[in-house]
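These notes are about the structure you will find just below.
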Amino acid sequence: MYRVLLSTTGKAYAVECDIDNSEFLDELEYLVNNGDIILFCEDLDDLEDALGNEYEIEEVYEE
């Protein structure tokens with residue numbers, strides 16, 4: 001599953017994630033409180049089709 005941040009700059013950042021991770025939930029709360037939109041998807045290609053030209057999707061990798 002991917003966690004996707006739709007930023008106010010027109011970019012979408014996708015990170016493969018485990019939704020059972022408690023650190024992830026803390027990070028999610030921080031991002032939402034800053035006004036960005038978070039969504040989850042199984043397939044980035046489907047998301048790209050759905051967003052059209054609204055966002056440029058970039059997959060990032062957590063260290």
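- Separation of atoms OH (Tyr55) and CG (Leu47) is listed at 10.5 Å; rounding is to 0.5 Å.
- Contact of the Ile57 side chain with the Val4 side chain is not registered, since no non-hydrogen atoms from C-beta on lie closer than 4.5 Å.
- The salt bridge (Lys or Arg N to Asp or Glu O under 4.0 Å) test applied to Glu58 returns Lys11, not counting sequence neighbours.
- By the neighbour-count criterion of 12 heavy atoms within 6.0 Å, atom CD of Glu59 is densely surrounded, having more than that number from other residues, nucleotides or ligands.
- Qualifying side chain to side chain contact (heavy atoms under 4.5 Å, CB included) partners for Asn53, counting only residues two or more places apart in sequence or in other chains: none.
- Considering CG of Leu5 and CG of Leu39, their distance stands at 9.0 Å, rounded to 0.5 Å.
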Test side chain to side chain contact (heavy atoms under 4.5 Å, CB included) applied to Cys41 and Asp46, step by step: CA-CA 8 Å; Cys41 71; Asp46 290 343; over 6 Å; no
Side chain to side chain contact (heavy atoms under 4.5 Å, CB included) between Tyr2 and Leu44, worked out: CA-CA 8 Å; Tyr2 289 92; Leu44 291 181; 3.8 Å; yes
